[in-house]
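In what follows, a structure is listed as structure tokens, so that the remarks can point back to it.
Fair warning: this is a prediction, and the values are worked out from it, not measured in the lab. Just so it is clear, the values below take in all heavy atoms, side chains as well, and ignore hydrogens, waters and symmetry mates.
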Amino acid sequence: SASRRNLFRPPRARGRGGRHPGVNCDNRANWLELQFFWAWASVVAADNLVEISGVSYAYDKQHPVLTGIDMVIPRGKVVAIMGISGSGKTTLLRLIAGWFKPTRGSIRVDGRLTHELDREGLYRMRRRMGMLFQFGALFTDLSVFDNVAFQMREHTDLPEAMIRDIVMMKLHAVGLRGAHGLMPSELSGGMARRVALARATALDPLLIMYDEPFTGLDPISLGVIRNLVRKLNDALGSTSIVVTHDVQEALDIVDYVYYLSEGVMVAHGTPEQMRASTDPLVHQFVWGEADGPVAFQYPSRNFSEELGLV
């Protein structure tokens with residue numbers, strides 16, 4: 001942020017002999033100044049939790065999915081990745097989580113290149129991530145309580161009494177503390193999505209990823225989930241990536257938007273900039289217009305020819 005950059009302003013150039021062109025290392029005072037400079041540099045670099053540079057991905061040579069993607073996700077922000085179905089949004093989430101390795105380019109999460117991590121390093125990184133899958137993906141044979149407690153039991157040595165308190169706090173945050181004893185089959189779609197959100201935040205993750213969190217919800221449940229995404233992000237001090245094609249719901253809560261089409265980054269900007277965009281493709285998507293660059297009719301012969309009228 002601007003205030004942090006001012007507070008940690010780098011030392012002024014001295015113009016001789018230092019390892020960095022702006023720092024003189026001839027004595028201890030200047031050596032300390034150099035350390036201060038590198039501390040400042042790390043703070044500035046750390047402003048982005050996720051950095052994606054020139055990333056391409058393909059299942060094989062004939063089927064490219066993503067091409068030349070550049071993206072930054074600042075810490076503490078809620079960022080949306082939008083686009084029509086099949087544009088590569090979910091694949092991008094999988095690349096960030098390290099499930100896939102990019103064909104080209106690099107992805108850094110908290111300063112680490114995900115595709116260079118070994119198995120242990122990858123699992124350690126994923127324990128700092130939360131994921132809300134499409135339709136929740138709850139464990140059907142576990143109760144609401146046990147679904148939320150699952151990660152804590154798997155990845156921590158917390159005593160059961162403490163796990164119970166944390167689970168109840170997480171369920172209280174999504175309004176479902178009273179439903180802790182229910183099974184997933186006893187939940188409505190909106191309730192299941194809220195339980196999944198409580199599970200995704202169980203370990204207070206650094207990064208929370210949402211894959212189509214609003215799909216299939218009634219207006220009340222959709223409004224609840226939308227508000228929880230924003231409130232939980234701010235309360236936990238997390239960073240959130242929301243993959244969605246529910247435009248208006250997302251634009252109400254996110255700080256920034258990236259728009260993908262056919263695996264290419266077409267546009268990005270604030271919600272206000274996306275709403276005001278004159279790009280025909282972005283305009284059609286944001287306002288839900290039936291015809292435009294994405295045509296209503298699938299390519300075919302002239303209909304009059306089909307009917308033998310010409």
Counting distance only, does the side-chain N/O of [X] pair as donor-acceptor with the main-chain N or O of [Y] below 3.5 Å?
| X | Y | answer |
| --- | --- | --- |
| Arg193 | Thr215 | yes |
| Ser56 | Gly68 | yes |
| Asn48 | Val72 | no |
| Arg126 | Gly98 | yes |
| Asp211 | Phe133 | no |
| Gln273 | Thr270 | yes |
| Arg104 | Val55 | no |
| Asp279 | Leu281 | yes |
| Thr156 | Met152 | yes |
| Thr103 | Ala58 | yes |

- So, are Arg153 and Asp146 salt-bridged, with charged N and O less than 4.0 Å apart?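 Counted as a salt bridge, because a side-chain N and a carboxylate O are separated by less than 4.0 Å.
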- Query: Any ion pair linking Arg124 and Asp118 (charged N to carboxylate O, less than 4.0 Å)?
  - Reply: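 Salt bridge: no.
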- Apply the test salt bridge (Lys or Arg N to Asp or Glu O under 4.0 Å) to residues Asp252 and Arg275: give CA-CA distance (whole Å), side-chain angles for both, the deciding distance (0.1 Å), then the verdict. CA-CA 11 Å; Asp252 286 342; Arg275 287 189 174 107; 3.2 Å; yes
Can you see which heavy atom on [X] is nearest to which on [Y], and at what distance?
| X | Y | value |
| --- | --- | --- |
| Ala173 | Leu232 | CB-CD2, 4.2 Å |
| Met209 | Ala97 | CE-CB, 3.8 Å |
| Arg75 | Thr239 | CA-OG1, 3.3 Å |
| Leu95 | Lys101 | CD2-C, 3.7 Å |
| Ser87 | Ser261 | CB-CA, 4.2 Å |

So do [Y] and [X] actually touch side chain to side chain, heavy atoms under 4.5 Å?
| X | Y | answer |
| --- | --- | --- |
| Val50 | Ile52 | yes |
| Val243 | Tyr210 | no |
| Leu49 | Leu207 | yes |
| Ile73 | Met71 | yes |
| Lys170 | Thr201 | yes |
| Leu171 | Val167 | yes |
| Leu206 | Asp110 | yes |
| Ile241 | Ile208 | no |

Report whether [X] and [Y] are members of the same hydrophobic cluster (ILVMFWY, side-chain heavy atoms less than 4.5 Å apart, transitive linking).
| X | Y | result |
| --- | --- | --- |
| Leu142 | Leu197 | no |
| Val264 | Ile81 | no |
| Met168 | Leu228 | yes |
| Leu92 | Tyr59 | yes |
| Leu113 | Leu93 | no |

- Before giving the answer on salt bridge (Lys or Arg N to Asp or Glu O under 4.0 Å), spell out for Asp255 and Arg230 the whole-Å C-alpha distance, their side-chain angles and the decisive distance to 0.1 Å. CA-CA 10 Å; Asp255 300 297; Arg230 181 80 247 183; 3.1 Å; yes
- Please determine which of Val242, Leu251, Leu260 meets the side-chain contact (heavy atoms from CB on, under 4.5 Å) test together with Met82. Leu251
If we ignore angles and hydrogens, is there a donor and acceptor under 3.5 Å between the side chains of [X] and [Y]?
| X | Y | answer |
| --- | --- | --- |
| Arg127 | Tyr123 | no |
| Tyr256 | His268 | yes |
| Ser238 | Asn233 | no |

- Sorted by first residue and then second, give each ring pair (Phe, Tyr, Trp, His ring centres under 6.0 Å) pair with at least one member in residues 136-156; sequence neighbours left out.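 Counting only pairs at least two positions apart or across chains, the ring pair (Phe, Tyr, Trp, His ring centres under 6.0 Å) contacts touching residues 136-156 are Phe139-Phe150.
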- In this structure, are over 12 heavy atoms from other groups packed under 6.0 Å from Glu120 atom CD?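 No.
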- Query: Has Gln284 got more than 12 heavy atoms of other residues, nucleotides or ligands less than 6.0 Å from its CD?
  - Reply: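 For Gln284, atom CD is crowded (more than 12 foreign heavy atoms under 6.0 Å).
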- Task: Mind telling me whether His283 and Trp287 have parallel, tilted or perpendicular rings, with 30° and 60° as the class edges?
- Result: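 Trp287 and His283: tilted rings.
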- Query: When rounded to the nearest 0.5 angstrom, what is the spacing between CG in Leu66 and OH in Tyr57?
  - Reply: 9.0 Å
